[in-house]
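Note: hydrogens, waters and symmetry copies are ignored here, and every other heavy atom, side chains too, is used. Positions are given from 1, in the same order as the sequence printed here. Counting convention: from 1, in listed order, for ligands and their atoms alike.
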Amino acid sequence: MFIDTHCHLSREDYDDIDLVIKENRESNISKIIISGCSKDSIFESIELSRRYEEVYLTLGYHPSEVDVVTDEDLVELENLLKLDKVVGLGEIGLDYYYGKDNKNEQIELFRKQLVIAEKLDIPVVIHSRDAVEDTINILKEFDLTGVIHCFSGSVETAKIYTSMGYMLGIGGVVTFKNSNLYKVVESVGLKNIVLETDSPYLAPTPFRGEKNSSKYIPLIADKIADILGVNVEEVGLETTNNACSMFDLD
Ligand code: NI
């Protein structure tokens with residue numbers, strides 16, 4: 001059995017969500033944690049978690065939402081985070097890929113949400129793109145734990161995060177031919193890894209470029225098993241245990 005610890009689920013991306021859930025079951029995916037991280041997706045994510053037993057969720061405002069999120073939205077977010085099946089705050093973080101023009105605003109939104117996570121004592125799911133140094137320095141200001149979603153950094157960075165108590169979310173990128181992520185997997189080992197697809201984005205090989213889905217989690221697990229020289233059942237078992245302990249799931 002596997003858990004997809006980070007994906008996005010919406011009717012805009014999938015015509016038939018019943019089918020997505022059915023295919024997940026057929027692929028041994030026992031639970032998925034969807035990320036409602038924009039004004040548009042938060043309420044749909046909550047609704048889907050009520051409709052499907054295996055759907056859990058994290059809620060939070062992605063850095064790309066920085067221009068539209070108000071302080072009232074953050075008060076509302078704090079209340080929504082107390083709902084049943086919400087297992088963490090995210091994805092939140094810093095994204096300097098498109099430039100640093102709004103860097104200070106991003107940092108402010110990030111910090112405000114980390115304060116909420118600390119107050120509620122829940123894990124965080126971190127999005128960090130071209131912003132390693134700031135992300136690490138800001139997380140160090142807080143007493144939190146969580147997952148570095150879609151980790152794709154260096155071995156050195158991986159070790160900093162794991163020493164701070166964070167797990168690394170490993171997804172389809174590990175299957176890409178030119179990816180160096182195998183070095184990270186080798187160095188941190190199964191005890192620091194959770195599986196994720198980030199679907200509908202970042203489909204693993206051989207579906208790269210197509211629409212991703214949680215049903216492809218076994219392809220990611222296979223690759224990790226290959227890298228570590230263990231069988232895929234062990235990858236499933238250990239990463240599922242990691243996800244359950246991080247997000248307080250049964
Ligand atoms: Ni995501």
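- Per residue Asp198, closest N, O or S atom to the Ni ion (ligand 1): atom name OD1.
- Using a cut-off of 2.8 Å, one finds that Cys37 contributes no N/O/S atom close to the Ni ion (ligand 1).
- Only one option out of Asn242, Ile224, Asp4 pairs with Leu195 in a side-chain contact (heavy atoms from CB on, under 4.5 Å); it is Ile224.
- The closest approach of Glu91 to the Ni ion (ligand 1), by N/O/S atoms, is made by OE2.
- Not one N/O/S atom of Cys150, from backbone or side chain, sits under 2.8 Å from the Ni ion (ligand 1).
- Checking each of Leu202, Thr205, Ile220 against Val173 for a side-chain contact (heavy atoms from CB on, under 4.5 Å) leaves exactly one that passes, namely Leu202.
- At distances below 3.5 Å, not a single donor-acceptor pair connects side-chain atoms of Thr197 with backbone N or O atoms of Cys7.
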**Request:** Output, in order, the C-alpha distance, side-chain angles, deciding distance and verdict of ring pair (Phe, Tyr, Trp, His ring centres under 6.0 Å) for Phe207 and Tyr216.
**Result:** CA-CA 9 Å; Phe207 302 104; Tyr216 295 146; 4.3 Å; yes
